[in-house]
Structures are given as C-alpha cells and as structure tokens.
Student: 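Below are the structure tokens for one structure; questions will follow.
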Amino acid sequence: MVGGGLIGLASALAIAGRGLKVVLFGERRVGEASPAAAGMLAPSVERASGPAHDFAIAARDRYPGYIDYLAEHTGIRVPLNRLGILQVALSEKGIKGLQRTALPTSRWLDQGELRDLEPALAHGLGAVYNAEDGAVDNTVLLEALDRAAVASGAIRRIDDAVVALEPQGKTCAVRTRSGDRLQAPFVVLAAGAWAGRITGARFARAVSPARGQLVFYPAQPLRHVVYGPRGYVVPRGDGTIGGSTMENAGFDAGVTEAGVGKVRAASEEICPTLLTPEAPRAWAGLRPVTPDMLPVLGADPEHPPLIYACGHSRNGVLMAPLTGDLVADLVTGARLSHDLSQFRPGRF
Ligand SMILES: Cc1cc2nc3c(=O)[nH]c(=O)nc-3n(C[C@H](O)[C@H](O)[C@H](O)COP(=O)(O)OP(=O)(O)OC[C@H]3O[C@@H](n4cnc5c(N)ncnc54)[C@H](O)[C@@H]3O)c2cc1C
C-alpha cells in the first residue's frame with residue numbers, strides 16, 4: 001500500500017480483514033487531504049451521474065456499519081452526523097436554481113419549515129433538504145483507522161516515501177527514497193495528490209492537487225451541514241467549519257488572506273451569527289482531483305498487480321470505506337460489488 005491517508009488506511013484494513021498481510025508505506029506531508037477535509041457525506045450535492053452516483057450513495061450508506069465496526073475494534077466511536085444536508089436559498093434566483101436541480105429523493109422546505117428546523121437560518125427563503133446526507137469527523141476517523149490498523153496485527157507501517165513502482169509479470173515492486181526495494185503480488189497506489197509524481201504510476205498522472213482553504217468558528221449555531229450559494233458550513237465538535245476554496249496552487253498548502261476572506265464571506269452569508277471580530281483559525285489541504293472529479297479505481301489493464309485507488313477529488317472522505325471494500329475485492333479476486341467502469345484507470 002502506498003499512502004496512509006483515509007484511502008490507504010481504509011484499503012489496508014479491508015485487505016487485512018480478508019486475511020492478507022499488508023505493508024503500508026506512508027510519509028506524512030504538509031497538505032494531506034484526509035486530516036484537512038470538512039468531512040461531508042454529500043453525494044446528493046457533490047453529485048456524479050450513472051453508476052458513480054450509485055457508488056457515492058452506497059458509500060454514504062456504508063458509514064453507520066463502518067463506524068460500529070471501528071468502535072468495536074478500537075473503542076473509538078467516530079462522530080457521524082446523519083441529520084441531512086440543507087442547501088439554503090438566499091434569493092429568488094437561488095430558489096429557482098435549487099428547485100430545478102434538486103434530486104427526486106430530496107424535499108423542498110419553505111421558509112417556515114426551514115426556520116423551525118434551523119432557527120439560525122431564519123433569513124433563508126427556503127431550502128432543499130437531502131435527508132440522508134451528513135458528515136463524519138474525519139480527524140477522529142483517521143485516529144480510529146490508525147488504531148484499527150495496529151489492532152489488526154496484519155499491517156506493517158513504514159515511514160518512507162515511495163519513489164517508483166515497477167510492475168513485473170505477476171508481481172509489482174516498490175522502490176523507496178531510502179533505497180529499499182520490496183516486491184509483492186499487489187501494490188495499491190493511494191498517494192493522494194502526489195500519486196502522479198511516482199515513477200511508473202502512469203495512470204495517476206491525471207491526478208493533480210486542488211487547494212482548499214477552511215476556517216473554524218468556535219461557535220455552533222447550526223445542527224445541520226448547510227450549503228449556501230458560495231460555500232458550506234459543517235458543525236464539528238463544539239464549533240463550525242466553513243469552506244472552501246478550490247484553487248490551482250500546485251503543492252502549496254498555505255492559507256492566504258484572500259482565500260480565508262472568501263471562505264469567511266461565504267460562511268457568514270449562510271449563517272450570519274458566525275460572524276466574529278477575531279479571525280477564525282484557518283488551514284488548507286490538497287484535494288487529489290481528476291479531470292472528471294471521479295476517482296481512479298481499478299487494476300492497471302496491462303499490469304494487474306498494480307491497483308490504483310487515488311484521485312477521489314471532493315468525495316474522498318465519503319468514498320473511503322467503500323473504496324477499501326472494493327480494493328480488497330480487487331486484491332482477492334472477489335466479484336466486484338459495484339460497477340467501477342466510470343473510475344477506469346486510463347480513461348483520460
Ligand atoms: C479543504 C478540503 C475539504 C474537503 N472536504 C471533503 C468533504 O467534505 N467530504 C469528502 O468526502 N471529501 C472532502 N475532501 C476530499 C478528501 O479529503 C480527499 O478526497 C481524501 O482525503 C483523499 O484521501 P487520500 O488518502 O487519497 O489522500 P491524502 O489524505 O492526501 O493521503 C495521501 C497520503 O499519501 C502520502 N504519500 C503521498 N506520496 C507518497 C509517497 N510517494 N510515498 C509514501 N507516501 C506518500 C501522503 O503523505 C498522505 O499521507 C476535502 C479535501 C480538502 C482539501
């Protein structure tokens with residue numbers, strides 16, 4: 001396994017769960033997406049089409065069982081919010097746009113219903129209510145996955161960077177920066193935004209970094225995740241995350257005054273009571289994005305021992321547990337439970 005973010009950890013754990021041993025190469029890097037993310041489970045809003053949409057819905061619905069599994073094996077219960085996600089309208093034009101694009105599974109709330117549900121959105125004109133969506137605390141999820149990896153007894157972690165992948169017949173070798181070379185029947189590439197920088201990972205070259213800046217307000221006026229016209233807010237712990245920019249800044253994971261300003265304006269427009277005189281804490285992460293915003297998930301058609309699990313773009317937290325299941329299916333040769341054709345490596 002190359003990469004110790006949510007995708008690498010969930011995949012390693014799923015493979016270990018099928019009785020196999022895993023060596024996980026993971027180097028901590030500034031800008032890793034998994035600890036930075038807002039943790040929304042929002043397949044109804046960050047929407048795909050066709051089987052990719054079905055996969056995203058199934059990924060969301062995989063969460064409650066996954067959280068129970070992690071609690072049982074680690075003692076850590078990862079906070080999961082399944083109250084639904086609101087897309088609030090703040091203008092007449094906003095109402096029309098939201099009503100036109102809402103999924104049949106969502107429900108329109110008028111102004112009174114919205115105010116009853118979320119008094120802090122009393123200025124909203126109505127909202128689309130996606131009842132099954134929500135959010136997970138991805139920082140606690142990482143902690144639980146780390147602990148579950150140790151508890152499995154089948155995952156060896158090596159703190160080193162992989163520089164090259166060398167598929168050879170029925171195996172694949174990994175070369176590391178410190179000069180080690182390890183051969184395995186399968187290598188899974190889950191190196192986030194950096195996946196395309198590894199020699200030999202030709203189908204990951206379509207993955208690039210997209211910086212997202214977030215802020216944290218030490219107040220929690222809302223219970224639901226809420227999208228507005230320019231951003232979103234997510235209740236987290238005893239505060240609220242506001243997000244986010246989507247920038248091409250290469251591998252620079254720093255925050256900027258302009259970026260934070262934009263995110264604050266978008267968040268405070270959704271929920272004016274978030275406005276504070278002090279600057280909220282801010283951070284940034286690098287989303288591993290692909291041209292169609294869908295992951296690269298599957299075996300290399302010419303070198304099947306090399307499996308790609310990268311490029312999850314804006315939905316990597318949502319998709320991590322189900323991606324892990326599918327990676328384990330690919331490694332063990334089990335029948336795939338989902339249609340991965342839209343995620344095919346080499347489609348770009
Ligand atoms: C601001 C922001 C908000 C987001 N919000 C959401 C959200 O609300 N919902 C959602 O579903 N998704 C969200 N995402 C997207 C989500 O975070 C990512 O899709 C997901 O975390 C990707 O996980 P990953 O494991 O592929 O990558 P990462 O978490 O980046 O992990 C990759 C790991 O691989 C390691 N690595 C890289 N190269 C090498 C190498 N050569 N050798 C060894 N190790 C290496 C890195 O150091 C890192 O640890 C957000 C992302 C950002 C940045």
Student: Cut-off 3.5 Å, side chains only: do Q220 and T240 have a donor facing an acceptor?
Tutor: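 Per modelled atom types, Q220 and T240 side chains form no pair under 3.5 Å.
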Student: Indicate yes or no for a side-chain donor-acceptor contact from N315 to the backbone of A48 under 3.5 Å, with no hydrogens or angles considered.
Tutor: no
Student: For residues F55 and F343, establish whether the separation of their ring centroids is below 6.0 Å.
Tutor: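 Yes: the rings meet the under 6.0 Å criterion.
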Student: Would you tell me whether T256 and Q213 have side-chain atoms, one donor and one acceptor, within less than 3.5 Å of each other?
Tutor: yes
Student: Could you name each residue pair satisfying salt bridge (charged side-chain N to carboxylate O under 4.0 Å, His left out) that touches residues 95-107, not counting sequence neighbours?
Tutor: R107-E113
Student: Can you say whether the rings of H224 and Y129 are parallel (under 30°), tilted (30 to 60°) or perpendicular (over 60°)?
Tutor: perpendicular
Student: What's in the same ILVMFWY side-chain cluster as W283, cut-off under 4.5 Å, chained through other members?
Tutor: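 Listed partners: M40, V45, I85, L214, F216, V225, Y227, Y232, V234, I241.
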Student: Test the R197-F251 pair against the cation-pi criterion, namely NZ or CZ under 6.0 angstrom from the six-membered ring centroid and within 45° of the ring axis.
Tutor: yes
Student: Evaluate whether atom CZ of R181 has more than 12 neighbouring non-hydrogen atoms of other residues, nucleotides or ligands under 6.0 angstrom away.
Tutor: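 Enclosed: over 12 neighbouring heavy atoms sit under 6.0 Å from CZ of R181.
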Student: More than 12 heavy atoms of other residues, nucleotides or ligands under 6.0 Å from CG of D238: yes or no?
Tutor: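 No, not enclosed.
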Student: Write down the atom of G311, the atom of T290, and the distance for their closest heavy-atom approach.
Tutor: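 What the structure gives for the nearest pair is O-CG2, 3.6 Å.
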Student: Just checking, any donor-acceptor pair under 3.5 angstrom between side chains of R287 and S244?
Tutor: yes
Student: So, for L322 and A59, which heavy atoms are closest and what is the spacing to 0.1 Å?
Tutor: CD2-N, 3.6 Å
